[in-house]
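In what follows, chains carry the letters A, B, and so on, assigned in the order in which the sequence lines appear, proteins first and then strands, with residues in each chain numbered from 1. Here the structure is a predicted model, which means the values were calculated and not measured.
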Number of protein chains: 2
Amino acid sequence: MATRAPRSYHHGNLRAALLERAEGTLRTGGAGRLSLRELARDNGVSHAAPRRHFADKQALLDALAHEGFERLGRELAAASAQAEPAFEARLAAIAHAYVRFATRHAALLELMFAAKHRPGADEGLAAAAERAFAAPRELIADGQATGAVVGGDPERVMLVALAGLQGLVSMANAGMIEEAALDGLVTDAVDHVMLGLRPR
Amino acid sequence: MATRAPRSYHHGNLRAALLERAEGTLRTGGAGRLSLRELARDNGVSHAAPRRHFADKQALLDALAHEGFERLGRELAAASAQAEPAFEARLAAIAHAYVRFATRHAALLELMFAAKHRPGADEGLAAAAERAFAAPRELIADGQATGAVVGGDPERVMLVALAGLQGLVSMANAGMIEEAALDGLVTDAVDHVMLGLRPR
DNA sequence: ACCTGAACACCGTTCAAGT
DNA sequence: ACCTGAACACCGTTCAAGT
């Protein structure tokens with residue numbers, strides 16, 4: 001999934017146009033309703049044209065997932081950078097940003113993890129996923145350096161903290177939580193996560 | 001999704017045979033690879049035969065989900081019944097049973113929640129889902145009666161407790177946790193959940 | 001009551017051919 | 001370099017017809 005130079009040609013930029021449309025139908029109809037032929041039709045191009053840009057349907061899904069990880073990474077990094085420098089404030093900011101992404105782009109997030117987890121997955125995808133979580137990983141490492149956070153592998157500590165949020169995300173995406181209540185619950189969950197991170 | 005009398009006919013019991021095969025491919029290949037025609041072929045029956053038992057593909061998926069909720073309910077109830085009567089023991093037993101089901105039947109669980117959440121979903125499905133969680137709901141209500149658990153809507157309290165496990169489930173199903181480590185992590189998570197349930 | 005066979009409108013993928 | 005058109009093997013769904 002090397003970043004391809006966005007050359008201009010007959011259509012304009014078919015690759016980007018296909019991805020944009022795909023993300024749209026992903027949001028409205030879910031991954032199941034994605035059709036390469038329909039995507040081609042919507043872009044006024046023959047059904048075989050996407051082949052130039054994506055070897056098969058899975059390649060397009062992988063590209064969507066790749067873009068998703070890049071976007072998530074940007075949002076987590078921005079949240080961390082804009083927060084007050086105190087550990088708790090940055091952790092809360094990153095947690096809220098993660099839950100916001102996960103609930104606003106539920107189908108995309110599911111696709112992202114499915115693509116990354118798929119046997120024989122593109123290696124670039126794992127790298128993109130790792131980069132996406134750079135901000136929380138750094139925060140944990142900082143917290144460990146100052147003694148605010150329990151020791152051990154930062155990656156693992158971060159995953160445990162993330163797990164504390166993932167339950168809320170699942171419930172929200174399953175419609176079990178009203179959107180209005182979500183922010184408050186995330187704040188509670190962050191307090192909970194904070195307890196779990198404290199050195200013992 | 002009324003329980004249909006399992007009448008015998010030419011094939012034997014096509015409906016049950018289709019569901020069994022479907023759950024098999026669900027486990028090995030995921031929901032995406034499910035094909036009604038292939039299911040019919042595997043059962044030595046014409047591609048139109050399933051139509052007698054399932055109006056369309058979604059109806060078969062709903063039936064799978066329905067069976068899944070019934071099975072989950074049986075396993076949670078059994079875990080609760082077999083545990084020591086103390087609140088903590090029953091909570092731990094139910095939690096382990098839930099995580100075991102969720103990791104052993106990951107694709108099915110995903111299908112179950114997707115089917116239940118789908119707009120216009122079969123009403124019998126929501127009822128089956130509610131029955132599936134009878135054991136933990138009763139446990140929470142018992143805990144509230146004895147003062148071991150914080151007050152409020154038992155359904156909501158149960159969901160919050162469930163959320164504490166769902167993160168682990170997500171991570172396990174994403175391959176981020178080795179199976180050997182899972183039981184220990186569930187035990188830790190149960191302690192965590194227990195803290196969250198304590199009256200304030 | 002349960003199943004078959006043909007038909008229709010869709011897929012994803014491949015490949016020669018066009019510009 | 002990028003796209004088209006025809007072709008192939010699959011789908012899900014429908015419907016008349018068989019037993």
Side-chain angles (χ1 to χ4, degrees), chain A residues 2-26 28-65 111 114-115 118 120-122, chain B residues 2-26 28-65 111 114-115 118 120-122:
Chain A
T3 330
R4 191 186 302 269
R7 295 170 196 276
S8 239
Y9 50 95
H10 167 243
H11 172 91
N13 195 342
L14 183 55
R15 191 188 136 90
L18 288 169
L19 285 175
E20 193 172 348
R21 282 253 176 200
E23 208 187 318
T25 71
L26 193 63
T28 63
R33 232 179 287 286
L34 254 176
S35 149
L36 277 183
R37 285 178 103 111
E38 191 178 7
L39 244 33
R41 248 181 274 125
D42 291 346
N43 281 105
V45 103
S46 90
H47 66 264
R51 196 66 197 326
R52 281 290 122 191
H53 305 278
F54 305 103
D56 55 22
K57 192 179 184 179
Q58 188 58 55
L60 182 137
L61 297 179
D62 284 355
L64 274 176
L111 181 73
R118 188 172 51 87
D122 191 299
Chain B
T3 330
R4 189 187 303 268
R7 295 171 195 277
S8 239
Y9 51 95
H10 166 243
H11 171 91
N13 194 341
L14 184 55
R15 191 187 135 91
L18 287 169
L19 284 176
E20 194 173 346
R21 282 253 176 201
E23 208 188 317
T25 71
L26 193 63
T28 64
R33 233 180 287 284
L34 255 177
S35 149
L36 277 183
R37 286 179 103 111
E38 190 178 7
L39 244 34
R41 248 180 274 125
D42 291 346
N43 281 104
V45 103
S46 91
H47 67 263
R51 209 22 188 13
R52 280 292 122 188
H53 305 277
F54 304 103
D56 54 21
K57 192 179 183 178
Q58 188 58 55
L60 182 137
L61 296 179
D62 283 355
L64 275 176
L111 180 74
R118 189 172 49 86
D122 190 299

Under the side chain to side chain contact (heavy atoms under 4.5 Å, CB included) test, which residues partner Ala114(B), sequence neighbours left out? none
Arg37(B): salt bridge (Lys or Arg N to Asp or Glu O under 4.0 Å) partners, not counting sequence neighbours: none
Determine the stems involving DNA chain C; a stem requires 3 or more consecutive pairs of the Watson-Crick or G-U wobble kind, each with both distances below 3.5 Å, and the answer is none if no such run exists. C:4-8 with D:12-16, C:12-16 with D:4-8
Leu14(B) CG to dC2(C) P: how many Å, rounded? 10 Å
Measuring only between side-chain heavy atoms, which start at C-beta, is Leu14(B) closer than 4.5 Å to His53(B)? yes
Side chain to side chain contact (heavy atoms under 4.5 Å, CB included) partners of Ala22(B), counting only residues at least two apart: Leu34(B), Leu39(B), Leu60(B), Leu64(B)
Leu36(B) side chain reached by Lys57(B) side chain, heavy atoms, under 4.5 Å: yes
State which residues pass salt bridge (Lys or Arg N to Asp or Glu O under 4.0 Å) with Asp56(A); sequence neighbours excluded, sorted by chain then number. none
Set of residues satisfying side-chain hydrogen bond (donor to acceptor under 3.5 Å, both in side chains) with respect to Arg118(B), sequence neighbours excluded: Asp62(B)
Just to verify, what does Arg21(B) make a salt bridge (Lys or Arg N to Asp or Glu O under 4.0 Å) with, not counting sequence neighbours? Asp42(B)
Mark yes or no for whether Arg51(B), through its side chain, and Ala55(B), through its backbone, hold a donor-acceptor pair below 3.5 Å. yes
For Gln58(A), does the CD atom sit with more than 12 other heavy atoms under 6.0 Å from it, leaving out its own atoms? yes
CZ of Arg15(B) versus C1' of dA1(C): gap in Å, rounded? 16 Å
Got a list of protein N/O to nucleotides 15-18 of chain D N/O distances below 3.5 Å?
none

What's touching nucleotides 7-11 of chain C from the protein side, N or O pairs under 3.5 Å?
from	atom 1	to	atom 2	distance (Å)
dC11(C)	OP1	Arg41(A)	NH2	3.2
dC11(C)	OP2	Arg41(A)	NH2	2.6
dC11(C)	O5'	Ser35(A)	OG	3.3

